[in-house]
Amino acid sequence: MAGLDKNIWVIANWKSNKTIAEALDWVSKVGPEIPKLTNLKAVVCPVFSALSEVKKAITVGNFPLMAGSQDLSPFGVGAYTGEEPVELLSGLASMAILGHSERRQNFGETDEMIIKKVDQALKGNIIPLVCVQSEKTLVPQGCKLIAYEPIWAIGTGNPDTPENANKTAKVLKEKYGQDLEILYGGSVTGENAKAFIFQSNINGMLIGRASLDAEEFIKICKVMERI
Ligand code: PEP
């Protein structure tokens with residue numbers, strides 16, 4: 001275990017990016033470089049079409065990396081065109097990002113839908129990671145992993161301060177339980193990751209743009225070796 005006595009999640013959210021070939025190239029570069037620390041939980045969330053190949057590459061390489069999905073269906077298997085139900089994702093994804101602000105804004109996702117998705121994830125033993133945009137966003141019951149992601153910080157190069165992220169995480173814990181693990185997301189890079197990791201109420205980062213670059217993601221994971 002590294003010098004920090006808490007889990008640190010480093011989660012790559014690739015959004016709608018990377019072909020299968022590009023995804024496999026990333027895994028082959030990143031997998032061998034991730035520090036083998038029991039408290040470092042590295043996860044990559046590709047598009048659905050690459051998930052199976054990414055999962056296979058991680059398993060074959062025996063890398064300390066999990067595969068996750070960027071969403072899942074609020075329903076089970078059946079007549080739900082275009083949706084990915086938990087029953088079909090269970091063997092592939094260890095975790096699912098739910099309620100990302102891009103889904104709320106572009107796909108009309110509501111708190112009610114996110115509650116259903118969390119229930120589905122829990123049924124299928126997939127860890128739900130719910131994104132909240134502020135301390136006011138609803139955290140569904142049963143969800144123990146949260147990402148605080150202020151909308152203005154996503155993809156802008158303008159992250160929240162580590163101190164403010166910590167304060168927001170503290171409020172969320174007071175509201176929803178001290179056992180929550182809270183990540184920060186919004187313009188995280190290899191340069192600023194360490195400052196977030198060191199905040200007492202923060203358990204890691206959800207990373208968009210910087211995670212697309214294998215070298216940058218490795219750099220973020222390797223912060224854990226030096227603390
Ligand atoms: C995200 O979309 O979850 C995210 C944090 O993006 P970025 O790192 O690009 O700000």
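Keep in mind it's a predicted model, so treat the numbers as computed, not measured. Note that these values count all heavy atoms, side chains included, but never hydrogens, waters or copies made by symmetry. Order of listing sets the numbers, starting from 1, for every ligand and every atom in it.
- Closest approach of Leu145 and Trp9 over heavy atoms only: CD1-NE1, 3.7 Å.
- Using a 4.5 Å cut-off on side-chain heavy atoms (C-beta onward), Ile220 and Phe196 make no contact.
- Evaluation of the side-chain hydrogen bond (donor to acceptor under 3.5 Å, both in side chains) rule for Glu191 yields Lys219 as partners, not counting sequence neighbours.
- Using a 4.0 Å cut-off between charged nitrogen and carboxylate oxygen, Asp25 and Lys29 count as a salt-bridge pair.
- Ring orientation note: the planes of Trp26 and Trp14 are nearly perpendicular, at an angle over 60° on the 30°/60° scale.
- Classification of Glu112 and Lys116 as a salt-bridged pair fails, no side-chain N sitting under 4.0 Å from a carboxylate O.
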Mind listing the N or O contacts between ligand 1 and protein, cut-off under 3.5 Å?
unit_1   : atom_1 : unit_2 : atom_2 : d
ligand 1 : 2 (O)  : Lys15  : NZ     : 2.6
ligand 1 : 2 (O)  : His100 : NE2    : 2.8
ligand 1 : 3 (O)  : His100 : NE2    : 2.9
ligand 1 : 3 (O)  : Glu149 : OE1    : 3.1
ligand 1 : 3 (O)  : Glu149 : OE2    : 2.7
ligand 1 : 6 (O)  : Lys15  : NZ     : 3.4
ligand 1 : 8 (O)  : Gly208 : N      : 2.8
ligand 1 : 9 (O)  : Arg209 : N      : 2.8
ligand 1 : 10 (O) : Gly155 : N      : 2.7
ligand 1 : 10 (O) : Ser187 : N      : 2.7

